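In what follows, every chain begins at residue 1, and chains take the letters A, B, ... in the order their sequences are listed. All heavy atoms count here, side chains included; hydrogens, waters and symmetry mates do not. Predicted, not measured: the structure shown is a model, and the values here were computed from it.
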Amino acid sequence: MARRLVKEILRNPQEHIGEKVHLSGWIRTLRSSKHFGFIELNDGSFFKNIQIVFEEKLSNFEEITRLPIATSLEIEGTVVESPGSKQPVEIQAEKITVVGLSDHDYPLQKKRHSFEFLRTIAHLRPRTNTFNAVFRTRSVLAHAIHTFFQERDFVYVHTPIITGSDCEGAGEMFHVTTFDLNNPASIPRTESGETDFRQDFFSRETNLTVSGQLEVETYCMAFRKVYTFGPTFRAENSNTPRHAAEFWMIEPEIAFADLQDNMDLAEEMMKFIIQYTIDRLPEEMEFFNQWIDKGLLDRLHNIVSSTFERITYTEAIELLKKAKQTFEYPVEWGRDLQTEHERYLTEKVFQKPVFVSDYPKDIKAFYMRLNDDEKTVAAMDLLFPGVGEIIGGSQREERYDYLENRIKEMGLNVDDYWWYLQLRKYGTVPHAGYGLGFARAMMYITGMENIRDVIPFPRTPRNAEF
RNA sequence: UCCGGAGUAGCUCAAUGGUAGAGCGGGUGGCUGUUAACCACUAGGUUGGGGGUUCGAGUCCCUCCUCCGGAGCCA
């Protein structure tokens, strides 16, 4: 008798007919009548369930008919052709052993639940069809990212999660401290009354990282092509379906490269990871297409075969000014594009992904390379229909004097960036990189509309239960 | 954080200011091929918290909390 996974049987059902098998898994649903019954068993290996037929002749038949959903079982039986039309084969059970009984108050029913409710039981929701598909996809998509970069000789760099001071300057950060906040009187103070971080664990103020970019640039100057893939944190009070306080980000960085090379890489990567996922998870993608987002597969196929549009910020402003529709926020050169503007460009004008590049320097970060016009920087955002900004990147300022000036212009402290500036002193090269929000890519590929539903245990304001 | 909507049984939702209900889920029984199985019976409620108006509040008013959506911040 062979131990089998449901995936092995259901991927090649004909090859297993007549085979004696030993299965184990959980009851997804159970239906019984007086003399026989059906169990849909999920063993974790496959999105789909296998049907178990059990009959009166089993010694524990009565017990089995009353088993609650989620009960775990060991099953011995024979693979047979199924008379029913919904499955090619089923298991004729010869022995069913209860491994772990479930309780009758198991909260998941054999019907649709709202995503809101399922978020309150994040420890159980991976057992539902939707979240089973989502989180298997998440695993495969993560692997797709690594495959893409590893096949192209990128070096994977683990940048730190705890970071010194707020050098990165990208939004609110979570403090990291060993001071006892329950006992404020015990927290050391300087003579001027401020918290004395010199006496804290790291002898300085530390935070959770908002980006690994600055650190990964240092490795870029050694390995030429590098990427990070890890968690980042934002303490913003953002209450939207597209923001989380903890999320994973992919940040490639390439040396001897400019903004066009950067966009080429981003476009190639997006197409690769989409195709990779579609190829490996046909059942899950079909499920998303049918139940989550009807046009999903068409749209994804379209992305893979299309050429992403590339326009400059200045061209985008002209397009928006010519638009027939009115916008809530004014369109004016020098102001940042609003969500409504980005959506208009990617959903109405081009109806496909759009790179917008060369933004005014005053609305972008200090490290972005100043263009020859001295008014714009070599920045780019990739806008996707439906999810908006999915990638933000730039060519980095590789010229020491320019970078130093920009740091000062932005009111930042040059001393804080001593090691970052030294990269421009010791053999500087043009280089570029970008950040891809992993969860946002997940949303786009699965059709899920809320970031809280593509992160196993999402952290958002007021929510860190699990 | 701002704007809007919502909060009633385990879940999804009804209920003109006048006796709180249904479907699903749970329990019990029935049923010889089911597919969110079906049929019958049954248990289940501090209507988010607090305050107010009223003879009477799930319903009207105030306030707080939480969730959802839009916006901002961004990835």
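A/Pro241 comes within 4.0 angstrom of sugar-phosphate atoms only, judged by non-hydrogen atoms across all strands, and of no base. Residue contacts for A/Ile451: at a heavy-atom cut-off of 4.0 Å it reaches a base atom on one of the strands shown. As judged by a 4.0 angstrom heavy-atom cut-off over every strand, A/Gly84 is placed among the base-contacting residues. Among the heavy atoms of the strands, none lies under 4.0 Å from A/Asp105. Residue contacts for A/Ala439: at a heavy-atom cut-off of 4.0 Å it reaches no nucleic acid atom on any strand shown. A/Phe438 comes within contact range of no nucleotide atom at all, as no heavy-atom separation falls under 4.0 Å. Within the 4.0 angstrom heavy-atom criterion, only backbone atoms of the sugar-phosphate kind lie near A/Thr29; the bases stay farther away. At the heavy-atom level, A/Glu56 lies nowhere under 4.0 Å from the strands shown. The residue A/Phe117 sits close only to the backbone: its heavy atoms come under 4.0 Å of sugar-phosphate atoms, none of a base. At a threshold of 4.0 angstrom between heavy atoms, the contacts of A/Pro83 include nucleobase atoms, whether or not backbone atoms are also involved.
Between B/U8 and B/C67, the two P atoms lie 14 Å apart (nearest whole Å). Here, B/G58 and B/G45 have their C1' atoms 12 Å apart, quoted to the whole Å. The gap from the C1' atom of B/G21 to that of B/A9 amounts to 10 Å, rounded to the nearest Å. Remark: the separation of the C1' atoms in B/U54 and B/C64 is 23 Å, to the nearest Å. Look at the C1' atom in both B/C38 and B/C31: the space between them is 8 Å, to the nearest Å. Spacing between B/G50 and B/C65 at atom P, rounded to whole Å, works out to 15 Å. Here the separation of B/C3 from B/C62, taken at their P atoms, is 15 Å to the nearest Å. Taking atom C1' on both B/G25 and B/C11, the two are 7 Å apart, rounded to the nearest angstrom.
At a threshold of 4.0 Å, the pair A/Arg242-A/Glu389 does not count as salt-bridged, since none of the basic side-chain nitrogens sits closer than that to a carboxylate oxygen. Under the 4.0 Å criterion applied to side-chain N and carboxylate O atoms, A/Glu309 and A/Lys352 are assigned as salt-bridge partners. Salt bridge A/Arg4/A/Asp43: absent, no basic N to carboxylate O contact under 4.0 Å. Classification of A/Arg31 and A/Glu40 as a salt-bridged pair holds, one side-chain N sitting under 4.0 Å from a carboxylate O. With salt bridges taken as basic N to acidic carboxylate O contacts below 4.0 Å, one links A/Glu283 and A/Arg11. Under the 4.0 Å criterion applied to side-chain N and carboxylate O atoms, A/Lys361 and A/Glu409 are assigned as salt-bridge partners. Note on A/Glu398 versus A/Arg369: salt bridge recorded, some NZ/NE/NH1/NH2 to OD/OE distance being below 4.0 Å. Salt bridge present: A/Arg299 and A/Asp293 bring a charged side-chain N and a carboxylate O closer than 4.0 Å.
With no hydrogens or angles considered, no side-chain donor-acceptor pair links A/Glu19 and A/Thr78 at under 3.5 Å.
One can place NE2 of A/His113 at 20 Å from P of B/C67, the figure rounded to the nearest angstrom. Atom CD of A/Glu328 and atom P of B/C3 are 14 Å apart (whole Å). When rounded to the nearest whole Å, the span between CZ of A/Arg462 and P of B/C65 equals 9 Å. Rounded to whole Å, atom C1' of B/U34 lies 7 Å from atom CZ of A/Phe36. Taking atom CD of A/Glu246 as the reference point, atom P of B/C74 lies 21 Å away to the nearest angstrom. The CG-P distance, from A/Leu108 to B/G10, rounds to 16 Å in whole Å. Rounded to a whole Å, the CD atom of A/Glu449 is 17 Å from the C1' atom of B/C67. Atom CG of A/Leu337 and atom P of B/A71 are 15 Å apart (whole Å).
Among the nucleotides B/C73, B/C68, B/U1, the one closest to the side chain of A/His243 is B/C73. Distance from the side chain of A/Glu389 is smallest to B/A75 among B/A75, B/G72, B/C11. Out of B/C11, B/G26, B/U32, the shortest distance to the side chain of A/Lys34 is found at B/U32. If you check B/U1, B/U35, B/G70 against the side chain of A/Asn239, the one that comes closest is B/U1. Taking the side chain of A/Thr240 as heavy atoms from C-beta on, and the options B/G72, B/G70, B/U34, the nearest nucleotide is B/G72. Of the candidates B/G10, B/G70, B/A75, B/G10 carries the atom nearest the A/Gln109 side chain, counting heavy atoms from C-beta on.
The side chain of A/Thr339 places an N or O atom within less than 4.0 Å of a non-bridging phosphate oxygen (OP1 or OP2) of B/G72. Between A/Arg452 and B/C68 there is a side-chain N or O to OP1 or OP2 distance below 4.0 Å. Contact annotation: A/Ser33 does not reach the phosphate of B/U32 (side-chain N/O to OP1 or OP2, under 4.0 Å). Remark: A/Lys48 is not in phosphate contact with B/U35, judged by side-chain N or O atoms under 4.0 Å from OP1 or OP2. Look at A/Lys110 and you won't find any side-chain N or O under 4.0 angstrom from OP1 or OP2 of B/U35. In terms of phosphate contacts, A/Arg242 brings no side-chain nitrogen or oxygen within less than 4.0 Å of OP1 or OP2 of B/C73. In terms of phosphate contacts, A/Gln338 brings no side-chain nitrogen or oxygen within less than 4.0 Å of OP1 or OP2 of B/A71. Here A/Arg31 does not reach the OP1 or OP2 of B/U34: none of its side-chain N or O atoms lies under 4.0 Å away.
A stacked arrangement is not assigned to A/Phe38 and the six-membered base ring of B/G33, the conditions of a centre distance below 5.5 Å and an interplanar angle below 30° not being jointly met.
Judged by atom type and distance alone, A/Ser238 reaches the base of B/C73 through a side-chain donor-acceptor pair under 3.5 Å. Residue-to-nucleotide contacts include no donor-acceptor pair under 3.5 Å from the side chain of A/Glu40 to the base of B/U34.
Nucleotide B/U1 forms a pair with B/A71, judged by Watson-Crick or G-U wobble geometry with both contacts under 3.5 Å. With both pairing distances under 3.5 Å, B/G7 is matched to B/C65 as a Watson-Crick or G-U wobble pair. With a 3.5 Å ceiling on both atom-pair distances, the Watson-Crick or G-U wobble partner of B/A40 is B/U28.
When each of A/Leu30 and A/His104 is assigned the nucleotide of RNA chain B bearing its nearest heavy atom, the one mapping closer to the 5' terminus is A/His104.
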